[in-house]
Amino acid sequence: MRKAEVTRKTRETRVPAAANLAAEGQSRIATGIGFLDHMLDQLARHSLIDIEVEATGDLHIDFHHTTEDSGIALGQAISQALGERAGIQRYGDALIPMDETLTRVALDASNRPYLVWKVAFSKPKLGEMDSELFREWFHAFAQAAGLTLHVENIYGENNHHIVESCYKGLARALRAAIAIDPRKPDAIPSTKGVLGGSLS
């Protein structure tokens with residue numbers, strides 16, 4: 001079916017999330033964090049994945065738990081939608097220019113999660129969101145989605161452009177990686193014969 005729904009519940013947050021990989025990039029996002037909502041909308045539009053994320057959390061404390069758990073829940077939904085990952089291209093990359101900013105994103109939908117984050121910000125906040133939380137979101141998402149994910153801002157000055165180019169780069173790389181290979185639509189793209197699930 002290439003779609004899934006999950007709900008992550010903790011003492012700090014409740015995050016229902018859904019992903020439809022065979023879709024058009026529609027989104028319904030409500031995390032309570034305006035800037036994060038904007039970024040997740042960009043992720044949906046440029047990946048062509050329909051995304052729903054509706055988070056309630058302890059925003060009266062700070063944005064950390066809601067940011068992290070939104071990444072986990074969405075990553076889990078995408079991982080479940082991929083199933084055994086049969087037929088996917090597996091690899092994707094993107095080079096995203098945004099005015100003065102250039103960012104490179106590469107990923108492997110290998111079910112071996114890892115994040116390399118080479119992104120620096122000159123301001124501690126974007127809107128009301130702490131800049132350091134963007135790495136937390138990408139780390140949570142990569143772990144839950146089973147992605148080896150490399151994000152590198154090559155250059156840039158405007159912090160908004162830097163963050164947005166990271167999300168758009170993720171979207172485009174993900175769009176390429178999860179696309180079905182018409183030459184091997186049923187084959188798992190690994191010499192191990194397995195990507196999804198346990199290797200044991």
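A 4.5 Å side-chain heavy-atom check between Leu147 and Asp108 finds every atom pair outside the cut-off. Side-chain atoms of Asp130 and Asp62, non-hydrogen and from C-beta on, never get closer than 4.5 Å to each other. A heavy-atom distance below 4.5 Å is found between the side chains of Leu170 and Phe138. At least one side-chain heavy atom of Met98 sits under 4.5 Å from a side-chain heavy atom of Glu164. The shortest side-chain heavy-atom distance between Val163 and Leu126 falls under the 4.5 Å cut-off. Val105 places a side-chain heavy atom less than 4.5 Å from the side chain of Leu149.
The NE2 atom of His161 sits 13.0 Å away from atom SG of Cys166, with the distance rounded to the nearest 0.5 Å. Taking OG from Ser47 and CG from Leu174, the interatomic distance works out to 6.0 Å, rounded to the nearest 0.5 Å. With rounding to the nearest 0.5 Å, the separation of CD1 in Ile29 from CD in Glu52 is 8.0 Å. Taken to the nearest 0.5 Å, the CG atom of Leu43 stands 6.5 Å off from the CG atom of Leu40. The distance from atom CG of Asp37 to atom CZ of Arg28, rounded to the nearest 0.5 Å, is 13.0 Å. The distance from atom CD of Glu84 to atom CD1 of Ile188, rounded to the nearest 0.5 Å, is 5.0 Å.
Sparse packing is recorded around CD of Glu54, with 12 or fewer heavy atoms of other residues, nucleotides or ligands lying under 6.0 Å away. Within a 6.0 Å sphere centred on CZ of Arg2, other residues, nucleotides and ligands contribute more than 12 heavy atoms. Atom CD of Glu128 has 12 or fewer heavy atoms from other residues, nucleotides or ligands within 6.0 Å. For Lys184, the NZ atom counts as loosely surrounded, since its 6.0 Å shell holds 12 or fewer non-hydrogen atoms of other residues, nucleotides or ligands. Applying the 6.0 Å contact sphere to CZ of Arg175 captures more than 12 heavy atoms from other residues, nucleotides or ligands. The local environment of CD in Glu136 is crowded, with over 12 non-hydrogen atoms from other residues, nucleotides or ligands closer than 6.0 Å. Around CZ of Phe121, the count of heavy atoms belonging to other residues, nucleotides or ligands within 6.0 Å exceeds 12.
Side-chain atoms of Thr13 never come within 3.5 Å of backbone atoms of Val15 as a donor-acceptor pair (strictly under, hydrogens ignored). For Asp181 (side chain) and Gly87 (main-chain N/O), no donor-acceptor pair under 3.5 Å exists by modelled atom type. Counting only distance, with no hydrogens or angles, the side chain of Ser131 and the backbone of Pro124 share a donor-acceptor pair below 3.5 Å. Panel note: side chain Glu100, backbone Glu157; a donor-acceptor pair is recorded below 3.5 Å. Checked by atom type and distance alone, the side chain of Asn159 pairs as donor or acceptor with a backbone atom of Ser122 at under 3.5 Å. In this structure, Ser110 contributes its side chain and Arg112 its backbone to a donor-acceptor pair below 3.5 Å.
Not counting sequence neighbours, the partners of Ala177 by the side-chain contact (heavy atoms from CB on, under 4.5 Å) test are Leu107. Partners of Phe141 under the ring pair (Phe, Tyr, Trp, His ring centres under 6.0 Å) rule, at least two apart in sequence or in another chain, are Trp137.
In the hydrophobic clustering of ILVMFWY residues, with side-chain heavy atoms under 4.5 Å counting as a link, Leu74 and Leu133 come out together. Hydrophobic clustering (ILVMFWY, side-chain heavy atoms < 4.5 Å, transitive): Ile49 and Met39 are in one cluster. With hydrophobic clusters built from ILVMFWY side chains whose heavy atoms lie under 4.5 angstrom apart, Leu59 shares a cluster with Met129. Val119 and Ile96 are assigned to two separate hydrophobic clusters, defined by single-linkage of ILVMFWY side chains at heavy-atom distances under 4.5 Å. Transitive grouping of hydrophobic side chains (ILVMFWY, heavy atoms separated by less than 4.5 Å) brings Ile180 and Leu82 into a common cluster.
Annotation for Ala55 and Ser70: closest pair CB-OG, 3.9 Å, computed over non-hydrogen atoms. The shortest non-hydrogen separation linking Ala73 to Arg8 is CB-CB, 4.2 Å. Across all their heavy atoms, Asp50 and Gln26 have their closest contact at OD1-N, 2.7 Å. In terms of heavy-atom proximity, Ala142 sits nearest to Pro113 at O-CB, 3.4 Å. Taking each heavy atom of Thr66 and Thr31 in turn, the nearest pair found is CG2-O, 3.5 Å. When every heavy atom of Ser79 is checked against every heavy atom of Ala144, the shortest pair comes out as CB-O, 3.5 Å.
Every pair passing ring pair (Phe, Tyr, Trp, His ring centres under 6.0 Å) that includes a residue from residues 36-83 is listed here, sequence neighbours excluded: His38-His160.
A salt bridge is absent between Arg104 and Asp93; no separation between the charged side-chain nitrogens and carboxylate oxygens falls under 4.0 Å.
Phe134 and Phe35 have perpendicular rings, their planes meeting at more than 60° on a 0 to 90° scale where under 30° would count as parallel.
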side-chain contact (heavy atoms from CB on, under 4.5 Å) evaluation trace for Gln80 with Val6: CA-CA 9 Å; Gln80 287 186 26; Val6 304; 3.3 Å; yes
Derivation of the side-chain contact (heavy atoms from CB on, under 4.5 Å) call for Leu36 and Thr67: CA-CA 8 Å; Leu36 182 59; Thr67 299; 4.2 Å; yes
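Looking at Ile154, Asn158, Thr103 one by one, the single match for side chain to side chain contact (heavy atoms under 4.5 Å, CB included) with Ser165 turns out to be Thr103.
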